[in-house]
J.: 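The structure that follows is given in the form of structure tokens.
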Amino acid sequence: MEKFFNQTNFSGGLSESDLIGSPGSFSNSFGIDIHTLPGVIQASWEPQNKDENHIIEELCLFAVDTSTGTSFWFGNSGTIYNVKVSGGVMSFGTVYQGGAVKGAGEFRNFVYWTTGQNVHRIKVNGNWTTDVVAYGSINSATYNPMVNMRSHLLIGSGTTLASVDDTGTITASGIPNVTLAAIPENYQITCLQKYGIDVLVGTKLTGGATGSKLYRWDLASPTWIQDIDVPETSVNCFLLTPNNTYFQAGQKGNLYSYNGISIAPYKKIPIVVPDNDSGNVMAYPQSSANFGSIGYFGITNQTVQAGAAGLYALGRKNNSYPISLSHQFPSSYSISTGSTTKLHIGAVISGIDATTTPPSPFLLFNWRNNNTASATYGMDAIFNPSIKCNPAWFETQAIGASSPNQKTFQNYNINYRAKPTNTSIALSYFKNFSSGSIVMNLTDKTDYNKLVSNQKIDAGAMKFRITLTSNADKTAEISEFYTDFDERSIL
């Protein structure tokens, strides 16, 4: 019996496995863009490490982007750095040295951050030598995520929320006229997200047990207006996607959705972490930003399993398309070495260089590589991009895996919308779930914008990888992949 597989769009994004997925999905990818031009898959822009002089030599989990064109990055070891964007150029410097930073935010033209239980602040355009103020204290020195609610700056403080109001007054629990009840003492607040006029609060259960909570507060009630159980060790990061609320929870790359009433499992980063691998696949609290109407978040891969680490895109260009997930921006380290293991993605911010005409948007993220004896660091940016990710690839679902019958695969077509000069498209296959792939020979039918092969392969199941090799800012654009096969009963 003759059967076929025909993928005519890629809007389903990444699936959770290579055995099943939503329509238009694919099982794995690297440096792939499915959002810029809906209906085709192409190489994404390649992140460039802008910190060429290695000024920032630590992982920065928190960053504050200000209206002055300067962002401040807060290192794990206590150094505070500035990144200036002007005239299409990024420059890096060191502005302050203090204790390890547990949270940072901007409110009413001041930058706030915490070290230990101490709150510090400085005016956005202040002098870091003379104007830093030890401003007050809060209850917890463990996690201090911050969110600007316009009327108040809220600060996670152990089992409650501290705040700073527009007069600069620090309130240890709640806001000046509302004392907020604490959450149970065996939980710690880990991340915050503005939700309309309310705030969402992610937590972790201390002691390493499974079971965290999602809280919601309206800044008016003395108690939480929602208390939702989350079946994970922690709520790690809210994902900043337009008009939708998602969060990453636990250490296996699981994503959840929140609809204002309840939560639901949404997607999973496609990586299998064995029980004997103690590493985590997760997002840090400030590893999320919105860029060009799409949400981006950084996934840290502390395991020795290949895949996962980098910036993922989650969103859609309009409401008629599905919300999809893709591994769009690998780090410059992963692109140069091919490694995505033991890689931490720190803070992620987006901004605009208003000094250029037209203004230039940018996306900036910090990373640390733990694969070498001495850790290496980088500050990657999508900023006035001129190079496409090279190589970039995606893998199909496993075709024919649901049937035990013998199959002979034949006739392979890759339809392309564009294939500029000195770019290429390659096809390889994984037979019967093998770990290595074999390259196929393709013939380019340029009259039809089609690459074809008629190689016969006997297999129980086949998965295909399509690799795009770019040329500077030019990339091929793929619109369709087709293959067919004869299936025979094994009885």
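The chain is numbered in sequence order, starting from 1.
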J.: So, do Asn236 and Gln251 sit near enough that their side-chain heavy atoms are less than 4.5 Å apart?
T.: yes
J.: With rounding to the nearest 0.5 angstrom, report the OG to CG distance, Ser25 to Leu14.
T.: 8.5 Å
J.: With a 4.5 Å limit on heavy-atom distance, are the side chains of Ile189 and Tyr215 in contact?
T.: no
J.: Kindly indicate, with the supporting measurements, whether the criterion side chain to side chain contact (heavy atoms under 4.5 Å, CB included) is fulfilled by Lys388 and Leu468.
T.: CA-CA 10 Å; Lys388 290 288 187 176; Leu468 307 179; over 6 Å; no
J.: With a sphere of 6.0 Å drawn around OH of Tyr412, does it hold more than 12 non-hydrogen atoms of other residues, nucleotides or ligands?
T.: yes
J.: Kindly state each residue pair satisfying salt bridge (Lys or Arg N to Asp or Glu O under 4.0 Å) with at least one member in residues 4-18, sequence neighbours excluded.
T.: Asp18-Lys463
J.: Return the CG to CG distance between Leu442 and Asn454, rounded to the nearest 0.5 Å.
T.: 10.5 Å
J.: The test is side chain to side chain contact (heavy atoms under 4.5 Å, CB included); show your working for Met146 and Val64 and say whether it passes.
T.: CA-CA 10 Å; Met146 301 186 189; Val64 174; over 6 Å; no
J.: What are the two closest non-hydrogen atoms of Leu325 and Lys267, and how far apart are they?
T.: CB-CD, 3.8 Å
J.: State whether the number of non-hydrogen atoms from other residues, nucleotides or ligands found under 6.0 Å of Leu37 atom CG is greater than 12.
T.: yes
J.: Please find the pair of heavy atoms, one from Ser15 and one from Gly21, that lie closest to each other, and give the distance.
T.: CB-CA, 3.7 Å
J.: Please report the interatomic distance CG(Leu240) to NZ(Lys194), rounded to the nearest 0.5 Å.
T.: 12.0 Å
J.: Residues two or more places apart in sequence or in another chain: which of them pass salt bridge (Lys or Arg N to Asp or Glu O under 4.0 Å) with Asp484?
T.: none
J.: Kindly indicate, with the supporting measurements, whether the criterion side chain to side chain contact (heavy atoms under 4.5 Å, CB included) is fulfilled by Tyr284 and Asn366.
T.: CA-CA 11 Å; Tyr284 286 114; Asn366 170 246; over 6 Å; no
J.: The criterion is salt bridge (Lys or Arg N to Asp or Glu O under 4.0 Å); which residues satisfy it with Lys213, sequence neighbours excluded?
T.: Asp227, Asp229
J.: After noting the C-alpha distance and the side-chain angles of Thr408 and Arg488, does the key distance pass the side chain to side chain donor-acceptor pair (under 3.5 Å) rule?
T.: CA-CA 9 Å; Thr408 299; Arg488 303 174 301 284; 3.0 Å; yes
J.: Using 0.5 Å steps for rounding, measure from the CZ atom of Phe362 to the CD1 atom of Ile382.
T.: 12.5 Å
J.: Looking only at heavy atoms, what is the nearest atom pair of Gln397 and Ile20, with distance?
T.: OE1-N, 3.4 Å
J.: Going by heavy atoms in the side chains, are Phe394 and Ile34 under 4.5 Å from each other?
T.: no
J.: Do side-chain atoms of Thr159 reach the backbone of Glu185 as a donor and acceptor pair under 3.5 angstrom?
T.: no
J.: For Lys317, enumerate each residue passing the side-chain hydrogen bond (donor to acceptor under 3.5 Å, both in side chains) test, keeping only those at least two apart in sequence or located in another chain.
T.: none
J.: So, using salt bridge (Lys or Arg N to Asp or Glu O under 4.0 Å) as the criterion, who are the partners of Arg216 when residues are at least two apart?
T.: Asp198
J.: Kindly state each residue pair satisfying salt bridge (Lys or Arg N to Asp or Glu O under 4.0 Å) with at least one member in residues 466-477, sequence neighbours excluded.
T.: Arg417-Glu477
J.: Throw together a table of side-chain donor-acceptor distances under 3.5 angstrom for residues 445-452, partners on residues two or more places apart or in other chains.
T.:
unit_1	atom_1	unit_2	atom_2	d
Asn449	ND2	Tyr416	O	3.2

J.: Taking the side chain as C-beta and beyond, is there a heavy-atom pair between Phe409 and Lys456 under 4.5 Å?
T.: no
J.: Report yes or no: does Thr467 contribute a side-chain atom to a donor-acceptor pair with the main-chain N or O of Trp393 at less than 3.5 Å?
T.: no
J.: Say you draw a straight line from CD1 of Ile345 to CG of Leu311; how long is it, rounded to the nearest 0.5 Å?
T.: 6.5 Å
J.: Could you name each residue pair satisfying salt bridge (Lys or Arg N to Asp or Glu O under 4.0 Å) that touches residues 323-343, not counting sequence neighbours?
T.: none
J.: For the side chain of Lys102 and the backbone of Tyr143, is there at least one donor-acceptor N/O pair under 3.5 Å apart?
T.: no
J.: Please collect all side-chain hydrogen bond (donor to acceptor under 3.5 Å, both in side chains) contacts where either partner lies in residues 322-331, sequence neighbours excluded, each pair once.
T.: Tyr296-Gln328, Ser331-Ser334
J.: Could you list all the salt bridge (Lys or Arg N to Asp or Glu O under 4.0 Å) pairs where at least one residue sits in residues 51-65, not counting sequence neighbours?
T.: none
J.: For a 4.5 angstrom cut-off between non-hydrogen side-chain atoms, does Asp353 reach Phe383?
T.: yes
J.: Is Ser350 reaching over with its side chain to a backbone N or O of Leu363, donor-acceptor style, under 3.5 angstrom?
T.: no
J.: Return the minimal non-hydrogen interatomic distance between Phe62 and Gly103, and the atom names on each side.
T.: CE1-N, 3.7 Å
J.: If only side-chain N and O atoms count, and only distance matters, is there a donor-acceptor pair under 3.5 Å linking Glu480 with Asn413?
T.: no
J.: Would you indicate whether Asn441, at its atom CG, is surrounded by more than 12 heavy atoms from other residues, nucleotides or ligands within a distance under 6.0 Å?
T.: no
J.: Look only at the side chain of Thr469 and the backbone of Thr423, and say whether a donor-acceptor pair between them is shorter than 3.5 Å.
T.: no
J.: Heavy-atom distance under 4.5 Å between the side chains of Val281 and Ile299, does that happen here?
T.: yes
J.: Does Thr356 reach the main-chain N or O of Pro358 with its side chain, forming a donor-acceptor pair under 3.5 Å?
T.: yes
J.: Which atoms form the tightest heavy-atom contact between Ala313 and Ile294, and what is the distance?
T.: CB-CG2, 3.9 Å
J.: Looking only at the side chains, is there a donor atom on one of Ser479 and Asn415 sitting less than 3.5 Å from an acceptor on the other?
T.: no
J.: Going by heavy atoms in the side chains, are Ile335 and Pro47 under 4.5 Å from each other?
T.: yes
J.: Report yes or no: does Asn9 contribute a side-chain atom to a donor-acceptor pair with the main-chain N or O of Ser11 at less than 3.5 Å?
T.: yes
J.: Using the side chain to side chain contact (heavy atoms under 4.5 Å, CB included) rule, take Val83 and Trp73 through it: C-alpha gap first, then chi angles, then the decisive distance, then the call.
T.: CA-CA 8 Å; Val83 179; Trp73 294 73; 3.5 Å; yes
J.: So which atom in Cys191 and which in Cys237 form the shortest heavy-atom distance, rounded to 0.1 Å?
T.: SG-N, 3.9 Å
J.: How would you list all residue pairs meeting ring pair (Phe, Tyr, Trp, His ring centres under 6.0 Å) that involve residues 229-258, not counting sequence neighbours?
T.: Tyr195-Tyr258, Tyr246-Tyr266, Phe247-Tyr256
J.: Under a 4.5 Å cut-off applied to non-hydrogen side-chain atoms, are Ile269 and Asn301 in contact?
T.: no
J.: So, does Asn53 use its side chain to make a donor-acceptor pair with the main chain of Ile55 at under 3.5 Å?
T.: no
J.: Does Leu19 have more than 12 heavy atoms from other residues, nucleotides or ligands lying within 6.0 Å of its CG?
T.: yes
J.: Could you list the residues that satisfy salt bridge (Lys or Arg N to Asp or Glu O under 4.0 Å) with Arg465, not counting sequence neighbours?
T.: Glu395
J.: I'd like to know if the side chain of Lys407 reaches the main chain of Gly400, judged simply by a donor and an acceptor atom lying under 3.5 Å from each other, with no hydrogens or angles considered.
T.: yes
J.: Just how far is it from atom CG of Asp458 to atom CD of Gln410, taken to the nearest 0.5 Å?
T.: 9.5 Å
